[in-house]
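Below is one structure, written out as structure tokens; the observations come after it.
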Amino acid sequence: MFKKKALRINTYLGYGTDTLFRATGRALEDENINFGKNQNIFKTLRNIYRQFESDEIRNTSIELKLPDDQIIDTKTDQEGYYHIQLNNTTLSKYKDNQGWITYSVSYKKELQKKINNKNNFTSQMLIPSDKADFGIISDIDDTIIHTGVASVFKWRVIANTFFKNFDKRTAIEGTAKFYNKLHSGKNSGTANPFFYVSNSPWNLYDYLNEFLKTNNFPKGPVLLRDFRTPFDKTPKPKTPHKQSEIINLLEMYPYLNFILIGDSGEKDADIYTKIAELYPTRILAIYLRNVKHRRKEKRIKKIIHSFTTSPILLVQTSEQAIEHAKNSGLID
């Protein structure tokens, strides 16, 4: 007989304001995924398979406990997700010096299954300071991690994602240095908030989060999308995922200007320039890493040549971006 799997709650770093609490996570069967370092290819493949094969816990009661001891009750949806939005909160006094508040999540009632972690799963929400110099929104694939999105038939994406553990993945040279300089800003005394936006599915959240931590990237919410199967009958979103997430951030923080960072491999230039035109005073700079694909590079250069709303730079190295940010007065 098969041993019954224990339950867990996958909590995702989120973002909100002094008066708005938001939280997202997912109730799942625990697949005992181990993201230890120096794993062989078979363990890595097993881990990735288990992330995509995960079984959600539908329509079950979830309880969130905020740092002021307030309890919020909710239920998971048909895919095991919970989404909380609570207005008129007063949580800002519980922020740490980086703007994070900590809260806990648990199953509301004892189920007929074992619950790991003593049914206590912690998460955090970011409340950016109104004294921050700016916010930074960054793509992940081929912007800070070598993925191969521009490769033929996406074969490099498959090879890198399924056959390489997070500690074997290569960060783009100099990106962590550049990002930490942006995070520190220029004489602000506060941490400039970071947000990571990717078209990868939520199933890869733990994998990507471990990569960011291991490579010393600034801590920030990782905003992914739902994994759609060929049998998914729900309507596709009208607005592309990245565009929608970035607009949400701009609307959430009207006092904050942003820097957008992406690459020339897919549609980052199209999305970022469109957003800059919608918010012409809010985008301080756009940095695009050159993935060295001749046809794509030619197309991106055309976009850059005709775009005048915000500074936009196609960079070969992170040092070029650092030099431009220094000359623009964004960093020391």
Side-chain angles (χ1 to χ4, degrees), residues 2-37 47 50-127 166 195-196 201-214 218-224 226:
F2 292 104
K3 184 179 179 181
K4 287 186 177 181
K5 294 177 182 177
L7 305 185
R8 65 170 295 188
I9 298 175
N10 214 20
T11 59
Y12 307 132
L13 294 178
Y15 63 90
T17 71
D18 287 336
T19 58
L20 176 65
F21 174 79
R22 300 168 74 246
T24 299
R26 197 178 190 192
L28 299 164
E29 289 187 346
D30 198 329
E31 301 293 338
N32 294 314
I33 297 170
N34 176 16
F35 282 105
K37 295 182 179 180
N47 280 345
R50 285 178 174 178
Q51 286 180 94
F52 281 94
E53 186 271 339
S54 59
D55 295 311
E56 65 274 5
I57 310 301
R58 304 175 179 179
N59 303 316
T60 194
S61 296
I62 295 291
E63 177 181 282
L64 284 76
K65 185 177 181 180
L66 304 189
D68 61 359
D69 291 330
Q70 183 179 179
I71 302 297
I72 303 173
D73 294 326
T74 189
K75 268 195 168 186
T76 60
D77 62 19
Q78 287 296 309
E79 294 184 333
Y81 291 102
Y82 62 86
H83 304 280
I84 295 289
Q85 185 159 307
L86 184 67
N87 293 301
N88 302 316
T89 59
T90 55
L91 299 172
S92 57
K93 63 183 177 182
Y94 299 100
K95 293 190 296 186
D96 66 15
N97 61 359
Q98 297 282 307
W100 294 94
I101 65 164
T102 301
Y103 61 94
S104 63
V105 189
S106 59
Y107 287 96
K108 176 70 173 175
K109 59 183 179 180
E110 289 299 325
L111 304 176
Q112 298 303 310
K113 287 189 176 184
K114 178 184 175 184
I115 302 173
N116 281 343
N117 217 48
K118 297 182 179 178
N119 194 24
N120 184 39
F121 302 87
T122 59
S123 191
Q124 292 183 305
M125 185 189 81
L126 176 64
I127 304 177
F166 73 91
F195 306 89
Y196 300 94
W202 283 111
N203 306 65
L204 292 177
Y205 179 86
D206 289 336
Y207 182 95
L208 293 173
N209 215 33
E210 288 295 332
F211 171 84
L212 293 171
K213 286 193 289 186
T214 298
K219 181 179 175 181
V222 179
L223 309 173
L224 307 178
D226 197 12

Point-to-point distance, once rounded to the nearest 0.5 Å, from [atom1] of [X] to [atom2] of [Y]:
| X | Y | atom1 | atom2 | answer |
| --- | --- | --- | --- | --- |
| Leu66 | Ile101 | CG | CD1 | 6.5 Å |
| Lys114 | Asp30 | NZ | CG | 9.0 Å |
| Ile71 | Asp69 | CD1 | CG | 7.0 Å |
| Ile127 | Ser92 | CD1 | OG | 6.0 Å |
| Lys219 | Leu212 | NZ | CG | 12.0 Å |

[X] and [Y]: which non-hydrogen atoms are nearest, and at how many Å?
| X | Y | result |
| --- | --- | --- |
| Ala27 | Tyr107 | CB-OH, 3.4 Å |
| Met125 | Gly16 | CG-N, 3.6 Å |
| Pro67 | Thr102 | CD-O, 3.5 Å |
| Ala23 | Tyr103 | CB-OH, 3.4 Å |
| Trp100 | Gly14 | CZ3-O, 3.9 Å |

### Query
Stepwise, does the side chain to side chain contact (heavy atoms under 4.5 Å, CB included) test hold for Asn59 with Gln78?
CA-CA 6 Å; Asn59 303 316; Gln78 287 296 309; 2.8 Å; yes
### Set of side chain to side chain contact (heavy atoms under 4.5 Å, CB included) partners for Thr90, sequence neighbours left out
none
### Message
The criterion is side chain to side chain contact (heavy atoms under 4.5 Å, CB included); which residues satisfy it with Thr17, sequence neighbours excluded?
### Response
Thr19, Leu20, Met252, Tyr253
### Query
What pairs with Asn10 under side chain to side chain donor-acceptor pair (under 3.5 Å), at least two apart in sequence or on another chain?
Arg8
Below 4.5 Å, heavy atoms only, C-beta onward: do [X] and [Y] meet side chain to side chain?
| X | Y | result |
| --- | --- | --- |
| Ile115 | Phe121 | yes |
| Ile62 | Lys108 | no |
| Tyr12 | Ser123 | no |
| Thr60 | Leu7 | no |
| Phe21 | Ile72 | yes |
| Asp77 | His83 | yes |
| Tyr81 | Glu56 | no |
| Leu126 | Leu13 | no |

Closer than 3.5 angstrom, by distance alone: can the side chain of [X] be matched with the main-chain N or O of [Y] as a donor-acceptor pair?
| X | Y | result |
| --- | --- | --- |
| Thr76 | Ile57 | yes |
| Arg26 | Glu79 | yes |
| Asn119 | Ser106 | no |
| Thr11 | Thr122 | yes |
| Arg22 | Tyr15 | yes |

### Query
Is the number of heavy atoms from other residues, nucleotides or ligands within 6.0 Å of CG (Asn88) greater than 12?
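For Asn88, atom CG is not crowded (no more than 12 foreign heavy atoms under 6.0 Å).
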### Task
Could you tell me whether Lys65 atom NZ has more than 12 heavy atoms of other residues or ligands within 6.0 Å of it?
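Count not over threshold, so no.
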#### Entry: Tyr205 and Trp202 aromatic ring geometry - parallel, tilted or perpendicular at 30°/60° bounds
tilted
